[in-house]
Amino acid sequence: MESFLVFLAVLGVTSTEQLFVGDQVLRVTARNEEQIALLRVLGEQEELQVDFWRHPNIPGHPVDLRVPFPNLQGVKKLLDFRNFSYSIMIEDVQIYDWMDVLVEDHPKLVSKIQIGQSYENRPLYVLKFSTGGSNRPAVWLDTGIHSREWITQATGVWTANKIAQEYGQDPSVTAILDSMDIFLEIVTNPDGFAFTHSSNRLWRKTRSINAGSRCVGVDPNRNWDAGFGGAGSSSNPCSETYHGPHAHSEKEVRAIVDFIRAHGKVKSVISIHSYSQMLLFPYGYRRAPAPDHQEMNELAKKAVSDLAAVFGTKYTYGSIANTIYMAGGTTIDWAYDNGVKYSFTLELRDSGRYGFLLPSSQIVPTATETWPALLDIMVHVLEHPY
Amino acid sequence: MELPPSHFPAARAAAVAVGYLRYLRGGPGRGLQLREVRSARRQDIDDVGHKYYLELELEDVLDKGSTVNCTAEVLYHLGSKTSAPDVQVTVQGELRSTEQADKEFYNRIRSLEKELEAENIPGFILVPDSHGNVPPELEPIHLLAWAASGYVIWQNSTENTKFHLAQVKHVKQVNPIISLKVKAVFHRSQEEAAGFSIEKTKSSGSFAPQIRQ
C-alpha cells in the first residue's frame with residue numbers, strides 16, 4: 001500500500017475541473033476484496049478528485065469513477081500498475097449513469113422514465129421533474145435529436161442539474177415546479193449519438209436501415225406528421241434530410257408522439273438543436289404565419305434579449321420558414337398542430353466557426369446563457385394557462 | 001426590394017460575401033466572421049440574375065472586441081450552375097495588420113519543414129478534433145484552412161445553398177513549396193455534406209493563395 005500512496009503524492013493538487021472538459025468515466029471491475037480496498041483508498045485521495053458514480057462494494061460488480069482530465073493519465077497508470085481491468089465509458093452510457101445519480105440525489109423531485117427503445121434497442125430515457133400532483137400540465141424539452149449536435153446533450157445535462165438545484169431556491173423555478181412538471185429527454189437519438197463516438201462524428205440522422213438502399217438513417221426532425229414530405233425534406237434515403245418512408249416511422253420519434261398524446265397536458269415543447277444561434281417557432285412547413293405568431297414572436301424577442309444579457313451572444317428569432325429555411329415534418333410543427341401552443345426550437349452556439357465541433361470549454365457558457373431563455377418560456381407557459 | 005436582415009435569404013448571400021472576404025483577407029493571423037447583417041436588399045435584373053446589396057458587421061475571431069463594417073454586393077447569375085456569383089466587398093476602415101503574425105507563421109513552417117523531412121512523418125491531423133479542440137500550434141493552420149474554404153464556398157454557392165466549413169480532415173505539408181493540402185468537409189445549409197480538396201500554396205512574402213478544388 002505504501003508504494004501506492006507515494007505514487008499518488010506525485011500527481012499533485014488540481015484545481016476544480018468542470019465536468020465535460022476531457023473528464024472521463026472509467027468502469028473498473030475489481031476482482032477481489034484487495035482491489036476493492038485499493039479503489040476505496042483511491043477515492044479517499046482528495047487531490048485526485050475522483051468521484052464514484054458506482055461505489056466499490058462487491059468484487060465483480062462494476063465500479064464507475066469519474067476522473068478529472070488533469071489526473072487521468074496518473075489514475076490510469078495506477079490502475080494498470082495494479083492490474084485492474086477497466087474501460088472508458090462512452091458518453092451516452094455515462095449520461096445514463098449520471099441520470100441515475102441525479103435521481104438518487106433528488107428522489108422527491110426527479111425520476112427517470114423509459115418511453116421506448118431506439119432502432120438499435122437502446123432505452124429512450126426521460127427525466128421527469130415533478131413535485132407531485134397527478135397529471136399536471138407539463139413542459140417537454142429534448143436535446144440531441146440530431147446526434148452530432150453535442151452541445152445540446154451537454155446543455156441538457158447542465159440544465160437538468162440546474163433545475164434540480166434551483167427548486168426551492170429560485171422563485172421562478174419553484175413556482176413552475178409547484179404547478180407543472182418538466183420532462184427532459186437528453187439523448188433523444190442514442191443510436192446516432194453512439195455512432196458519432198464510434199464512427200462518424202458528423203452523423204445527424206437515426207441509424208435505421210432503409211429498405212432497398214445502402215444508405216442508413218432518417219432525419220428525425222423531418223419525420224413528424226406536419227407538412228410531412230414537403231419542402232426542405234428529401235425522399236432520398238442518402239440525404240441528410242431524408243424524411244423516412246412515412247411519418248413517425250422512426251421509433252425515436254414515435255415514442256415522443258405516443259408519450260405526448262397519452263399525457264394529454266403538455267403545454268410546451270422546446271426542441272434543442274445546434275448551431276446558428278436562433279430561437280424559432282412554427283411554421284417550417286409553410287410560410288404563412290401561425291395563428292399565435294404575434295405572441296410567440298414577442299416571447300422569443302424577450303428570451304433572446306435575456307440570453308444576450310449574459311455574455312453578449314446574439315441570436316436571431318422568428319418562424320422556421322422565414323428565419324432558417326422551409327422544412328416539412330419538424331418536431332415543433334407537429335406539436336403546434338397537435339395542440340401544444342408554446343412550441344419552440346433553439347439553435348445553440350455557435351454561428352459557424354466551430355459549428356458542430358464546438359469546443360467543450362463553451363459548454364458551460366452556452367448552457368448558462370440559454371437558461372434564462374428557457375426560464376422565460378416556461379414562466380410564460382405558467383402564466384398563460386390554456 | 002428590402003429584405004429582413006435576420007432572415008435566411010439575406011444570411012445566405014452574406015455567407016458568400018464573407019467567404020469571399022475571408023479568402024481575400026483571411027490568413028493564419030486573421031479569421032473574419034459575420035456578426036450581424038445590418039441591412040439587405042435584393043434587385044432582380046432581367047436576363048442577368050439576382051443581386052443582393054448588403055451591409056454587414058464582422059469581427060476578427062482573434063480580436064473579438066473589434067468591429068469591422070463592410071458593404072457587399074452578391075450577384076447570382078440567372079440559371080447558372082457553373083459560374084460563381086460575382087462578389088464585391090468594401091471594408092470600411094483598415095483591417096488590423098497581420099504582417100508580424102504572418103511572418104512568424106511562415107518562419108515556423110519553414111523551420112518545421114526541415115524537422116519533418118528528417119523524421120519523415122507527414123502531418124495528418126484532424127482539425128478540430130471531435131471535441132472541438134485545436135492544439136494552439138495548429139490554430140494558424142486552422143485559420144488558414146478556414147480562409148481557403150472561403151474561396152470554395154464562394155465558387156460553389158448558388159441561391160439554393162449556404163455552405164459552411166465543418167471540419168478540416170487532413171492537413172499535409174508538401175515539400176518543397178510550402179503547400180498545405182487541405183481536405184475539408186463542408187456543410188450545405190448546415191445539413192448536406194460536400195467534400196472538396198484545397199491546395200493552398202504560399203511562396204515567400206504575402207499570401208497569394210492558389211486554390212485547386
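Note: hydrogens, waters and symmetry copies are ignored here, and every other heavy atom, side chains too, is used. The structure displayed is predicted, hence computed values, not measured ones. Residue numbers begin at 1 in each chain, while the letters A, B, ... track the order of the sequences.
For A:Ser351 against B:Gln33, the heavy-atom pair with the smallest separation is OG-OE1, 4.3 Å. Counting all heavy atoms, side chain and backbone alike, A:Leu357 lies closest to B:Ala166 at CD1-O, 3.3 Å. When all heavy atoms of A:Pro359 and B:Gly132 are compared, the closest pair comes out as CG-O, 3.5 Å.
Within 6.0 Å of CD on B:Gln92 lie more than 12 heavy atoms contributed by other residues, nucleotides or ligands. Annotation for B:Glu57: atom CD counts as buried by contact number, over 12 foreign heavy atoms lying within 6.0 Å.
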Acceptor/donor pairs from residues 60-70 of chain B side chains to any protein atom, 3.5 angstrom cut, sequence neighbours excluded:
from: B:Asp60; atom 1: OD1; to: B:Gly31; atom 2: N; distance (Å): 3.1
from: B:Asp60; atom 1: OD1; to: B:Leu62; atom 2: N; distance (Å): 3.0
from: B:Asp60; atom 1: OD2; to: B:Arg96; atom 2: NH2; distance (Å): 2.8
from: B:Ser66; atom 1: OG; to: B:Asp63; atom 2: O; distance (Å): 2.6
from: B:Thr67; atom 1: OG1; to: B:Arg35; atom 2: NH1; distance (Å): 2.9

Please table the atom pairs, donor to acceptor, closer than 3.5 Å between any side-chain atom in residues 3-17 of chain B and protein atoms at least two apart or in another chain.
from: B:Arg12; atom 1: NE; to: B:Glu159; atom 2: O; distance (Å): 3.2
from: B:Arg12; atom 1: NH1; to: B:Glu159; atom 2: O; distance (Å): 2.8

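Looking at B:Leu32, neither its backbone nor its side chain comes within 4.5 Å of chain A, counting heavy atoms on both sides.
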Inset, instruction - Let me see the working for A:Ile324 and B:Lys162 under side chain to side chain contact (heavy atoms under 4.5 Å, CB included), right down to the final yes or no. - result: CA-CA 11 Å; A:Ile324 198 164; B:Lys162 185 171 183 269; over 6 Å; no
Inset, instruction - Start with the C-alpha distance between A:Tyr275 and B:His164, add both sets of side-chain angles, then the distance that settles side chain to side chain contact (heavy atoms under 4.5 Å, CB included), and finish with yes or no. - result: CA-CA 11 Å; A:Tyr275 58 93; B:His164 301 262; 3.3 Å; yes
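Between B:Glu59 and A:Lys314, no side-chain nitrogen of the basic residue sits less than 4.0 Å from a carboxylate oxygen of the acidic one, so the salt-bridge criterion is not met.
Note on ring orientation: taking the six-membered ring where Trp is involved, the planes of A:Tyr354 and B:His142 are tilted (angle from 30° to 60°).
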